[in-house]
Amino acid sequence: MGIFTNPSSPSFTRALHIKDRFLQSFDSLKQLKHVHSQLIRIGLDQENYLLNLLLRSSFDFKDTHYTRLVFHQTHEPNVFLWNTMVRGLVSIDCFKDAIASYASMRREGFSPTGFTFPFVLKACARLLDFRLGLKLHSQVVKLGFSCDVFVNTSLVSLYAKCGYIEDALKVFDDIPNKNVVSCTAIITGLIGVGKCREAIDMFRKLLEMDLVPDSFTLVRVLSACAVIGDLKNAETGMSRNVFVTTSLVDFHAKCGNMERARLLFDEMGEKDIVSWSTMIQGYASNGLPKQALELFHNMLDHGLKPDCYAMVGALSACARLGALELGEWASSLMNIDEFSINPVLGTALIDMYAKCGSMTKAYDVFKGIRAKDRVVWNAEISGLAMNGHIPAAFAVFGQMQKYGIPPDGNTFVGLLCGCTHAGLVNEGRQYFNIMVRILSLAPTIEHYGCMVDLLSRAGLLDEAHQLIKSMPMEANAVVWGSLLGGCRLHRDTQLAEHVLKKLVELEPWNAGNYVQLSNIYSASHKWDDAENVRSLMGERGMTKLRGCSWIEVCGIVHEFLVGDTSHPLSEGIYSKLSELDKDLRAAGYVPTTEYVLFDIEDEEKEHFLGCHSEKLAVAFGLISTGPAEVIRVVKNLRVCGDCHEAIKLISKITGREIIVRDTNRFHCFSGGTCSCKDYW
DNA sequence: CTAGGGTTAG
């Protein structure tokens, strides 16, 4: 910029004529503003050509205030300035502003050019404003741009994004000189609506036209084929930009290969908010919530503001961990206007609050979502059911019908779960009938699972067993597991033996099944069978299942394993436990090994009952939170029967409210009883 | 103004 040090010299004016170089290469807004003031000083601030370049550069800094200042400074803006304005606004994702700018341009009497349309059309596509898109299409025709490959490519994308794939195909077919870009638009559109076969055919046509596909198209097509091996080969010679690599990261995440995804992510030179969100979401949906949150923090450290996608990823991670404080903190980062919250983000929030046992807040979010789609309703219903608010769940279902939202299979999964947790056998049968007979929805294995669960818990073990046999599909481990739960609750070891044999077949990797089966054999003195199961476990290299519980205190998630002594406050925790033990025994509590038969944690001695992970987490909660705070614990397995009895009494002795979420449901302990009414 | 398409979510 040395050339500008003496602006009065004639070299300054000359320099401005090679301005493209300068005006496009500003590192800071300050530099740009400096040049702007120089222009004003020498009276060149009314040259539209120069202002246009200045305007274009100003968008690099996303300062719309300054951008408008530049624009409004011109006394007579020309069509190029208007175009630059529209394009710039689109480039910084201000789609509504871009459309407003386009409207002003039209009001001022300017005709759009071939350069204008692609950008306004993109704004429409991103806002899914199909009506305006149609209007623009007719203008395109009227003004004679219907052969323009650029304009039509944008139209293809608009139609595809708004879900009108047939129209997109029609426009695409009429493009006389198709190129890679227009082919990409239609291929992406086809994949977007799940027409992978057609997308692949289109890709073949592209090759037949002797067009060279870019890496991005290759990634999309290969993802559509899910040809992992091929992709690996293709990856090596691929040119990488942020779009391509982010797609690759997403692809590997979707295949469950998080190591590969992370490797690509770390190697990326430029990461944008989408790359971060994709990676966070990848962790969250692959059951790695801690990593998801770690990366979320990492992103904030890089000075990036989370967008909706990153938020959804973080929230679903919090939901899984039961980390209410973290979830609330995350959502506070984003200025969520309760009335404009989008349904996807809303659902994630409802889910997070529901899984953290905070249904009042979930309901507030639910009320605030204007555009409630079916998923939102379903999330609210299953949230209520999961938290034991069964009448409320039924009421919301009634509302849903009143609003004319047709329920789907998931709605009934929520309702049936509610029936199960409340032991409402007749209501459950009714809902199942409504679904099948009246709404003609085909029950999935999940629905059968709920019904089996419902019947088993109510002690109707034969009926449940019959239902399994009559199912049109093969029963899976979840269904058999439900029946096993009933056997446990009603102490039917004979049926349990049969069920466990099935389960060992179905999930040979699940150590819990072997442990329970061998426990049952031992209890019925079938020592040989017990020994066989044990040695089978050894042969298959089974490792013990370790129970694991989490508790969040002051925004930090603490993890406990069975008999864990690794926590810094371990001593305090154990002395609290022995103190509690005395109080418990004084209150008439006798540790029971009765449950050990069905225990999936491979620990048989009374000693270990004292230090199951959930008890450790509760004890830690007691010594590290204030007396009025609710203690929330999450366990990765079913809560152990003995611990359940103990925690009931702990809640009575200490007067604290304790909420334990296990794999199945919430247990809200208060005053010596549990919300599950010992029914789980 | 020499463009246009394309990546993430409940």
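What you see is a predicted model; the values in this text were computed from it and never measured. FYI, side chains are in, hydrogens and waters are out, and symmetry mates aren't considered; it's all heavy atoms of this structure. Order of the sequence lines sets the chain letters (A, B, ...), proteins ahead of strands, with each chain counted from 1.
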Short side-chain N/O contact from A:R56 to OP1 or OP2 of B:dT2, under 4.0 Å: yes
A:F203 CZ - B:dG5 C1' separation (whole Å): 15 Å
Sugar-phosphate only, base, or nothing, as touched by A:V244 at under 4.0 Å among non-hydrogen atoms: nothing
Touch class at under 4.0 angstrom, heavy-atom based, for A:V151 against every strand present: nothing
Side-chain H-bond candidate by donor/acceptor type, A:T84 with A:N52, under 3.5 Å: yes
hbond_proxy A:S247 side chain to B:dT7 base (donor-acceptor, 3.5 Å cutoff): no
Touch class at under 4.0 angstrom, heavy-atom based, for A:D250 against every strand present: sugar-phosphate
Touch class at under 4.0 angstrom, heavy-atom based, for A:N378 against every strand present: nothing
Spacing of A:E380 atom CD relative to B:dG10 atom C1', expressed in whole Å: 14 Å
Among B:dG10, B:dT7, B:dT8, the one nearest A:S277 by side-chain distance: B:dT8
Per A:C308 side chain, nearest of listed nucleotides B:dT7, B:dC1, B:dA9: B:dA9
From B:dA3, B:dA9, B:dT7, nucleotide with atom closest to A:R87 side chain: B:dA3
A:A348, nearest nucleotide to its side chain (from B:dC1, B:dG5, B:dG10): B:dG10
Phosphate OP1/OP2 of B:dT7: any A:S275 side-chain N/O under 4.0 Å: no
Distance in angstrom units between A:M352 CE and B:dA9 C1', rounded: 15 Å
Rounded distance (Å) that lies between atom P of B:dG5 and atom NZ of A:K161: 9 Å
A:C183 and A:M209, any side-chain heavy atoms less than 4.5 Å apart: yes
Whole angstrom value for the distance that separates P of B:dC1 from CG of A:L54: 15 Å
N-O pairing of A:D250 and A:K254 below 4.0 Å: yes
Nearest-angstrom distance from the residue atom CG of A:D307 to P of B:dG10: 13 Å
Donor-acceptor side-chain pairing of A:S275 and A:D272 below 3.5 angstrom: yes
Contacting residues from residues 184-193 of chain A, given that a heavy atom lies under 4.0 angstrom of DNA chain B: A:T184, A:T188
A:M299 CE to B:dT8 P, straight-line distance once rounded to whole Å: 17 Å
Touch class at under 4.0 angstrom, heavy-atom based, for A:F119 against every strand present: sugar-phosphate
Side-chain N or O of A:Q281 closer than 4.0 Å to phosphate OP1/OP2 of B:dT7: no
Side chains of A:D174 and A:N152, donor plus acceptor under 3.5 Å: no
Side chain of A:K122 - closest among B:dT8, B:dG5, B:dA3: B:dG5
Sugar-phosphate, base or nothing in reach of A:D214, heavy atoms under 4.0 Å: base
Centroid distance under 5.5 Å and plane angle under 30°, A:F243 vs B:dG6: yes
Sugar-phosphate only, base, or nothing, as touched by A:N179 at under 4.0 Å among non-hydrogen atoms: base
Contact nearer the 5' end of DNA chain B, comparing A:S182 with A:T113: A:T113
Contact under 4.0 Å: A:K254 side-chain N or O vs B:dA9 OP1/OP2: yes
Residue pairs passing the ring-ring contact (aromatic ring centres under 6.0 Å, His included) test where at least one lies in residues 163-194 of chain A, sequence neighbours excluded: A:F130-A:Y164
Under the side chain to side chain donor-acceptor pair (under 3.5 Å) test, residues paired with A:N410 that sit two or more places apart: none
Shortest side-chain distance from A:F115, nucleotide among B:dT8, B:dC1, B:dG4: B:dC1
Rounded interatomic separation in angstrom, taking CG from A:L218 and C1' from B:dT7: 15 Å
Side-chain touch A:F265/A:L295, heavy atoms, less than 4.5 angstrom: yes
Stacked cation flag A:K122 on A:F95, 6.0 angstrom / 45 deg: no
